[in-house]
Amino acid sequence: KYENPWTIPNILSLARIGLAPVLGYLIVEENFNIALGVFALAGITDLLDGFIARNWASQKSALGSALDPLADKILISVLYVSLSCASLIPVPLTTLIILRDIVLIAAVFYVRYKTLSPPRTLGRYFNPCYATAQLKPTFISKMNTAVQLILVAASLAAPVFDYVDSIYLQTLWCITAFTTAASAYSYYRYGRKTVQVINNK
């Protein structure tokens, strides 16, 4: 299936990816007030791209079904690494999240290869106009993304509002670790059901 990749949701997802290194720099430099504002902007792009894709059929795309979660994963990975460098999130939790995301991204590349019709050239493989599969995240994965983003927001706000050592923040670490592990298992258990092949000829 050939489709236009330049939809508004896809552009918003790319903008979110572009904001990731900006946020990382602000956190490492401990500019937490500005980082909170930029993070809020990234959150708005996430809400907008989903809303537009759901309500305007012409703006929905197979590429978007992969690009939106990919943008989330890149943003979350950069945020967690940066927050760990700033000693606001424990390194083991960040390691768990990064490892899960690396496996999921590798799986997406594998699905792309398996669903791309011959000839499988690099040009066609990386051409976003050729849609081959629609990705559907599991329910627990959606919950996990929400929990991870809540922890990021809470961690960014912690030095601003002086609750870095809060027991509630530490409890949120445990919840995030649990939902991340549960999300990884859900993809292992139901992985094939999360992929809808568009073109397997």
Side-chain angles (χ1 to χ4, degrees), residues 8-53 64 66-109 137-138 140-185 187:
I8 293 174
N10 290 350
I11 292 171
L12 289 171
S13 292
L14 290 172
R16 197 154 67 255
I17 292 173
L19 287 174
V22 176
L23 271 167
Y25 173 79
L26 290 171
I27 292 168
V28 170
E29 292 296 313
E30 299 186 358
N31 292 320
F32 298 114
N33 288 292
I34 299 174
L36 266 174
V38 176
F39 177 70
L41 178 61
I44 291 171
T45 68
D46 195 15
L47 291 173
L48 273 178
D49 69 30
F51 176 79
I52 293 171
L67 189 59
D68 179 41
L70 178 63
D72 289 340
K73 285 171 178 50
I74 291 173
L75 180 65
I76 286 171
S77 295
V78 171
L79 284 167
Y80 273 80
V81 169
S82 304
L83 287 165
S84 289
C85 290
S87 300
L88 292 172
I89 286 180
V91 172
L93 176 57
T94 294
T95 302
L96 174 65
I97 291 170
I98 297 294
L99 286 176
R100 188 208 71 145
D101 287 350
I102 288 174
V103 171
L104 289 180
I105 291 171
V108 168
F109 278 103
T138 61
I140 187 65
S141 179
K142 291 179 179 179
M143 283 187 58
N144 175 236
T145 299
V147 170
Q148 288 179 352
L149 290 173
I150 289 170
L151 176 56
V152 166
S155 298
L156 279 174
V160 176
F161 298 103
D162 194 24
Y163 61 86
V164 172
D165 297 320
S166 169
I167 186 66
Y168 298 109
L169 196 57
Q170 295 168 14
T171 301
L172 196 51
W173 294 348
C174 297
I175 295 171
T176 304
F178 174 77
T179 58
T180 299
S183 171
Y185 176 76
Y187 279 113

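Bear in mind that the values here come from a model prediction, so they are computed numbers and not experimental data. All values below come from the heavy atoms of this structure, side chains included, with hydrogens, waters and symmetry mates left out.
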>> For the backbone of L151 and the side chain of S155, can you confirm whether one donor and one acceptor N or O come within less than 3.5 Å of each other?
In response: yes

>> Would the distance check show the side chain of S77 and the main-chain N or O of I74 forming a donor-acceptor pair, the cut-off being under 3.5 Å?
In response: no

Is any side-chain heavy atom of [X] closer than 4.5 Å to a side-chain heavy atom of [Y]?
X    : Y    : result
L12  : I52  : yes
L75  : L23  : yes
D46  : D49  : yes
L156 : V160 : no
S82  : Y25  : no

Any chance you could measure [X], atom [atom1], to [Y], atom [atom2], to the nearest 0.5 Å?
X    : Y    : atom1 : atom2 : answer
N144 : F178 : CG    : CZ    : 10.5 Å
M143 : T180 : CE    : OG1   : 11.5 Å
L83  : I76  : CG    : CD1   : 11.5 Å
L41  : L36  : CG    : CG    : 12.5 Å
I27  : F39  : CD1   : CZ    : 9.0 Å
R16  : L48  : CZ    : CG    : 10.0 Å

Under 3.5 Å, which donor-acceptor pairs link side chains of residues 88-98 to any protein atom two or more places apart or in another chain?
unit_1	atom_1	unit_2	atom_2	d
T94	OG1	Y80	O	3.3
T94	OG1	S84	OG	2.5
T95	OG1	V91	O	2.9

> Hey, mind stepping through I105 and F109 against side chain to side chain contact (heavy atoms under 4.5 Å, CB included) and telling me if it holds?
Replying inline: CA-CA 6 Å; I105 291 171; F109 278 103; 3.5 Å; yes

>> If you count heavy atoms of other groups shown closer than 6.0 angstrom to OH of Y163, is the number above 12?
In response: yes

>> One pair to check against side chain to side chain contact (heavy atoms under 4.5 Å, CB included): L26 and F32. What are the steps and the verdict?
In response: CA-CA 7 Å; L26 290 171; F32 298 114; over 6 Å; no

> Where do Q170 and I167 land on the side chain to side chain contact (heavy atoms under 4.5 Å, CB included) test, with the steps shown first?
Replying inline: CA-CA 5 Å; Q170 295 168 14; I167 186 66; 3.8 Å; yes

> Under the salt bridge (Lys or Arg N to Asp or Glu O under 4.0 Å) test, which residues partner D101, sequence neighbours left out?
Replying inline: none

> Which heavy-atom pair separates L67 from S13 by the least distance, and what is that distance?
Replying inline: CG-CB, 3.8 Å

> Taking all non-hydrogen atoms of both residues, which atom of A154 and which atom of L169 are closest, and how far apart?
Replying inline: CB-CD1, 3.8 Å

> side-chain hydrogen bond (donor to acceptor under 3.5 Å, both in side chains) between D72 and T145: does it pass, once the steps are laid out?
Replying inline: CA-CA 8 Å; D72 289 340; T145 299; 5.3 Å; no

>> Go through it in stages, so that I can follow the logic: the residues are S183 and Q148, the test is side chain to side chain contact (heavy atoms under 4.5 Å, CB included), and I'd like the CA-CA distance, side-chain angles, deciding distance and then a yes or no.
In response: CA-CA 12 Å; S183 171; Q148 288 179 352; over 6 Å; no

